[in-house]
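As structure tokens, the structure follows; a few thoughts come after it.
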Amino acid sequence: STSSKGAIFFAYNNEQLDYIKLACLSASSVKKHLNLPCTLITDNGSLAHSGKSDIFDNVIIAEHEKDTPNIRNYYDTPYANYKAQFNNLNKHAIFKLSPYDQTILFDVDYLVNNDILNLAFNIDAPVQLYKNAQTLKNTEPDHSTDRRLNDVSIPLCWSTVIYFDKSPMSKMFFDMWKHVKENYDYYQSVYKFPEGFYRTDFAVSIS
């Protein structure tokens with residue numbers, strides 16, 4: 001039997017943002033350029049607010065950690081920003097939740113514009129993440145913590161796009177991610193990254 005491949009998106013709405021709407025946009029770009037089936041992971045409240053979209057081949061209901069505050073700054077423009085809850089605390093659970101043998105997990109604010117990511121399925125590496133990012137001006141990210149956890153710390157890996165299979169090595173990576181998340185204050189003191197809201201990029205870099 002051929003192994004199944006697919007894309008997954010987490011989308012939990014907060015009071016200001018309709019993440020499911022963003023996920024629909026991202027998933028439509030994945031379908032157009034990568035031709036992959038798409039799964040949405042969300043909660044009942046978000047789904048009731050946004051409604052189900054035909055773009056997703058299936059929807060998995062997984063409640064997030066409602067009682068844990070994780071407040072971040074959102075920037076509408078260089079001149080306007082606001083604070084809101086960012087529900088990303090259960091992203092490591094994707095290993096158990098994914099219905100596919102080979103999965104690419106996408107952040108919902110990521111748009112695919114070519115088919116290069118399909119190469120990931122044929123590379124002999126159980127987990128694949130980006131180590132580099134560029135701004136729209138083709139420069140390195142402005143913030144040093146978008147390159148390293150601190151000036152002399154380990155390099156940053158991005159959790160924006162993650163390829164993984166269902167191998168023991170992948171399971172170990174996601175188990176470690178869960179451990180780092182559950183002991184985030186400890187790892188903050190070890191790796192000396194900025195205190196504040198839980199950042200999955202830091203967690204996957206350490207993992």
Side-chain angles (χ1 to χ4, degrees), residues 4-31 34 36-76 81-112 117 127 129 158-166 170-171 173-185 187 196-204 207:
S4 59
K5 302 170 183 174
I8 289 196
F9 305 80
F10 275 95
Y12 296 112
N13 293 350
N14 63 28
E15 288 172 4
Q16 282 90 350
L17 283 177
D18 187 338
Y19 275 96
I20 290 185
K21 198 176 272 185
L22 286 174
C24 292
L25 193 61
S26 187
S28 64
S29 78
V30 166
K31 289 215 155 177
L34 302 178
L36 291 172
C38 293
T39 291
L40 174 70
I41 297 176
T42 188
D43 60 356
N44 282 312
S46 299
L47 206 57
H49 175 264
S50 304
K52 190 174 180 297
S53 166
D54 295 338
I55 198 86
F56 295 104
D57 300 270
N58 57 338
V59 175
I60 296 171
I61 299 296
E63 298 297 328
H64 59 83
E65 299 178 22
K66 285 191 167 55
D67 301 332
T68 312
N70 196 39
I71 305 298
R72 68 170 287 182
N73 279 311
Y74 289 83
Y75 296 91
D76 264 353
N81 64 77
Y82 56 91
K83 292 186 183 325
Q85 172 72 2
F86 186 45
N87 296 312
N88 66 338
L89 297 172
N90 65 339
K91 212 169 164 185
H92 59 266
I94 191 65
F95 182 82
K96 290 194 181 88
L97 292 170
S98 175
Y100 309 115
D101 299 317
Q102 293 178 287
T103 304
I104 304 181
L105 169 63
F106 290 94
D107 278 1
V108 298
D109 58 357
Y110 187 91
L111 296 176
V112 173
L117 283 167
V127 178
L129 309 92
W158 292 91
S159 63
T160 310
V161 178
I162 303 177
Y163 165 89
F164 64 95
D165 61 17
K166 287 290 178 102
S170 290
K171 182 179 187 306
F173 170 79
F174 286 97
D175 286 348
M176 180 59 78
W177 181 352
K178 179 174 190 271
H179 164 80
V180 171
K181 181 231 140 190
E182 288 173 352
N183 299 278
Y184 197 65
D185 290 348
Y187 283 100
F197 85 99
Y198 169 62
R199 192 169 161 189
T200 53
D201 303 314
F202 292 167
V204 299
S207 302

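The closest side-chain heavy-atom distance from Ile41 to Ile94 is below 4.5 Å. Two residues are said to be in side-chain contact when any heavy atoms from C-beta on lie closer than 4.5 Å; Leu105 and Phe10 meet this criterion. With a 4.5 Å cut-off on side-chain heavy atoms, Leu47 and Ile20 count as touching. Two residues are said to be in side-chain contact when any heavy atoms from C-beta on lie closer than 4.5 Å; Tyr184 and Phe202 meet this criterion.
Listed by chain and number, the residues in a side-chain hydrogen bond (donor to acceptor under 3.5 Å, both in side chains) with Ser26 amount to none (sequence neighbours excluded).
Taking all atoms of both residues into account, the shortest heavy-atom contact from Lys91 to Asp107 is NZ-OD1, 2.6 Å. Shortest non-hydrogen contact noted between Thr42 and Val59 is CG2-CG1, 4.1 Å.
Put simply, CD on Gln102 and OG on Ser170 are 10.0 Å apart, with the number rounded to the nearest 0.5 Å.
Under the 4.0 Å criterion applied to side-chain N and carboxylate O atoms, Lys31 and Asp57 are assigned as salt-bridge partners.
Between Phe174 and Phe164, the angle of the ring planes goes over 60°, which puts this pair in the perpendicular group of the 30/60° scheme.
Here His92 and Phe173 keep their ring centres 6.0 angstrom or further from each other. Ring to ring, Phe9 and Phe106 are close: their centroids are under 6.0 angstrom apart.
Surrounding NZ of Lys171 are at most 12 heavy atoms belonging to other residues, nucleotides or ligands under 6.0 Å away.
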